[in-house]
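FYI, side chains are in, hydrogens and waters are out, and symmetry mates aren't considered; it's all heavy atoms of this structure. Residue numbers begin at 1 in each chain, while the letters A, B, ... track the order of the sequences.
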Number of protein chains: 2
Amino acid sequence: MGFGETFKALADPVRRRILTLLKGGRLSAGEIGSHFPVTGATISYHLSILKKADLIRESRQKTYIYYELNASVVEELLLWLSELKGETPNENHPGT
Amino acid sequence: MGFGETFKALADPVRRRILTLLKGGRLSAGEIGSHFPVTGATISYHLSILKKADLIRESRQKTYIYYELNASVVEELLLWLSELKGETPNENHPGT
DNA sequence: GAGATATTTAGAAAATAATCTAAATAAAAG
DNA sequence: CTTTTATTTAGATTATTTTCTAAATATCTC
């Protein structure tokens with residue numbers, strides 16, 4: 001919902017590391033939290049920021065809430081930055 | 001100097017608009033300021049943030065200080081985001 | 001339903017960021 | 001060297017962000 005929100009979400013090192021973790025597949029909030037020396041509440045806060053920026057998606061399953069990366073917003077960012085650089089953005093969609 | 005600084009610089013709408021303006025070529029601080037309803041001091045503050053993030057470069061000339069976009073940092077950002085997306089980043093260097 | 005585990009929400013404290021006004025610096029012109 | 005114009009720096013204020021502890025909610029298991 002706007003680049004400001006997205007860039008702001010990416011500005012925090014904890015949130016960038018969360019995204020990098022999620023690159024390897026979906027993880028529960030607890031699993032994510034175990035990688036950082038902060039409380040679960042703080043992780044929950046960071047997840048809410050990432051969620052608001054639409055960089056991650058959640059899915060409840062049993063007792064856990066799993067989070068996974070949402071690449072489509074990253075794509076929009078790539079486009080904006082490519083345009084800033086002054087290049088025609090590359091297409092790289094093997095499926096199309 | 002670290003992605004945090006760069007993303008933080010990009011998180012502000014005024015700073016993003018400054019970068020977009022500079023895409024069209026270098027501008028003095030005053031020329032940049034004339035596009036925004038804020039004081040020159042505030043523009044100077046935003047320019048200092050962009051400078052610290054190495055997103056812009058300055059060059060003094062006569063009474064003016066000109067600012068221009070520095071694309072190389074944008075390139076690093078593109079790489080990081082491409083990797084986050086899980087794709088091999090595209091090369092698009094016509095000169096090589 | 002009571003207890004256990006996972007996660008979020010609320011509220012407060014501390015740190016950081018954005019903006020302004022006023023003063024300082026820099027360079028050029030006279 | 002004084003004045004003018006361009007820009008930055010300093011200091012104060014207000015807003016936003018990050019983090020914590022404690023409490024609330026949700027979902028399972030018995």
Peer 1: Would you indicate, yes or no, if D:dT18 has its OP1 or OP2 atom less than 4.0 angstrom from a side-chain nitrogen or oxygen of A:Arg15?
Peer 2: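 Yes.
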
Peer 1: Would you kindly give the CD1-to-P distance between A:Ile43 and C:dT8, to the nearest whole Å?
Peer 2: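 For the pair A:Ile43 CD1 and C:dT8 P, the rounded distance is 10 Å.
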
Peer 1: At under 4.0 Å between heavy atoms, what does A:Gly30 touch on the DNA or RNA strands: base, sugar-phosphate, or nothing?
Peer 2: sugar-phosphate

Peer 1: Would A:Ile43 and A:Tyr66 show up in the same hydrophobic cluster when neighbours are defined by side-chain heavy atoms closer than 4.5 Å?
Peer 2: no

Peer 1: Picking from D:dT19, D:dT5, D:dT8, which would you name as closest to the side chain of B:Tyr67?
Peer 2: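 Given the options D:dT19, D:dT5, D:dT8, the side chain of B:Tyr67 is closest to D:dT8.
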
Peer 1: Pick the closest DNA chain C nucleotide for B:Thr42 and for A:Lys51 by heavy atoms, then say which residue is nearer the 5' end.
Peer 2: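 It is A:Lys51 whose nearest nucleotide is closer to the 5' end.
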
Peer 1: Within less than 4.0 Å of OP1 or OP2 of D:dC20, is there a side-chain N or O belonging to A:Thr39?
Peer 2: yes

Peer 1: Distance check: side-chain N/O of A:Tyr45 vs OP1/OP2 of D:dT21, anything under 4.0 Å?
Peer 2: no

Peer 1: What closest approach, in Å, do A:Ala11 and A:Arg16 show between heavy atoms, and which atom pair accounts for it?
Peer 2: O-NH1, 3.2 Å

Peer 1: Do the ring planes of B:Phe7 and B:Trp80 sit parallel (below 30°), tilted (30 to 60°) or perpendicular (above 60°)?
Peer 2: perpendicular

Peer 1: Looking for any heavy atom pair under 4.0 Å, which part of the strands does A:Val14 touch: base, sugar-phosphate only, or nothing?
Peer 2: nothing

Peer 1: Look at the side chain of B:Thr63 and decide which nucleotide, out of C:dA17, D:dT5, D:dT18, has an atom nearest to it.
Peer 2: D:dT5

Peer 1: Write down the distance between CD1 (B:Ile49) and C1' (C:dA17), rounded to a whole number of angstrom.
Peer 2: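 Taking CD1 of B:Ile49 and C1' of C:dA17, I get 8 Å after rounding.
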
Peer 1: Check the distance between C:dA18's P and B:Phe36's CZ and give it to me in whole angstrom.
Peer 2: 14 Å

Peer 1: Figure out the CD/P separation between A:Gln61 and C:dA6, and round it to whole Å.
Peer 2: 15 Å

Peer 1: CD of B:Glu58 versus P of C:dA26: gap in Å, rounded?
Peer 2: 13 Å

Peer 1: Closest to the A:Ala29 side chain: D:dT9, C:dT5, C:dT7?
Peer 2: C:dT7

Peer 1: Among A:Leu27, A:Ile32, A:Leu19, find the residue that satisfies the side chain to side chain contact (heavy atoms under 4.5 Å, CB included) test when tested with A:Tyr67.
Peer 2: A:Ile32

Peer 1: With respect to the phosphate group of D:dT8, does any side-chain polar atom (N or O) of B:Ser44 fall under 4.0 Å of OP1 or OP2?
Peer 2: yes

Peer 1: Which nucleotide in the set C:dA22, D:dA26, C:dA26 lies at the smallest distance from any side-chain heavy atom of B:Ala41?
Peer 2: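 So the nucleotide nearest the side chain must be C:dA22.
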
Peer 1: Looking at every non-hydrogen atom in both residues, tell me the closest pair between A:Glu68 and A:Arg26 and how far apart they are.
Peer 2: CB-CB, 3.9 Å

Peer 1: Figure out the NZ/P separation between A:Lys62 and C:dA6, and round it to whole Å.
Peer 2: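 After rounding, the reported distance stands at 12 Å.
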
Peer 1: Round to the nearest Å and state the distance from B:Tyr66 atom OH to C:dA26 atom P.
Peer 2: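 So the two atoms are 20 Å apart, to the nearest Å.
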
Peer 1: A:Leu47 has a side chain; which of D:dT9, C:dT8, C:dA26 sits nearest to it?
Peer 2: C:dT8

Peer 1: Does D:dT17 have OP1 or OP2 sitting under 4.0 Å from an N or O in the side chain of A:His46?
Peer 2: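 Checking A:His46 against D:dT17: no side-chain N or O falls below 4.0 Å of OP1 or OP2.
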
Peer 1: Is there a path of hydrophobic side-chain contacts, each under 4.5 Å between heavy atoms, that joins B:Leu55 and B:Leu21?
Peer 2: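 Yes, it is one cluster - the side chains of B:Leu55 and B:Leu21 are joined through contacts under 4.5 Å.
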
Peer 1: At less than 4.0 Å, is any side-chain N or O atom of B:Ser48 found next to OP1 or OP2 of D:dT8? Yes or no.
Peer 2: no

Peer 1: Could you tell me the separation between the CD1 atom of A:Ile32 and the P atom of C:dT8, rounded to a whole number of Å?
Peer 2: 9 Å

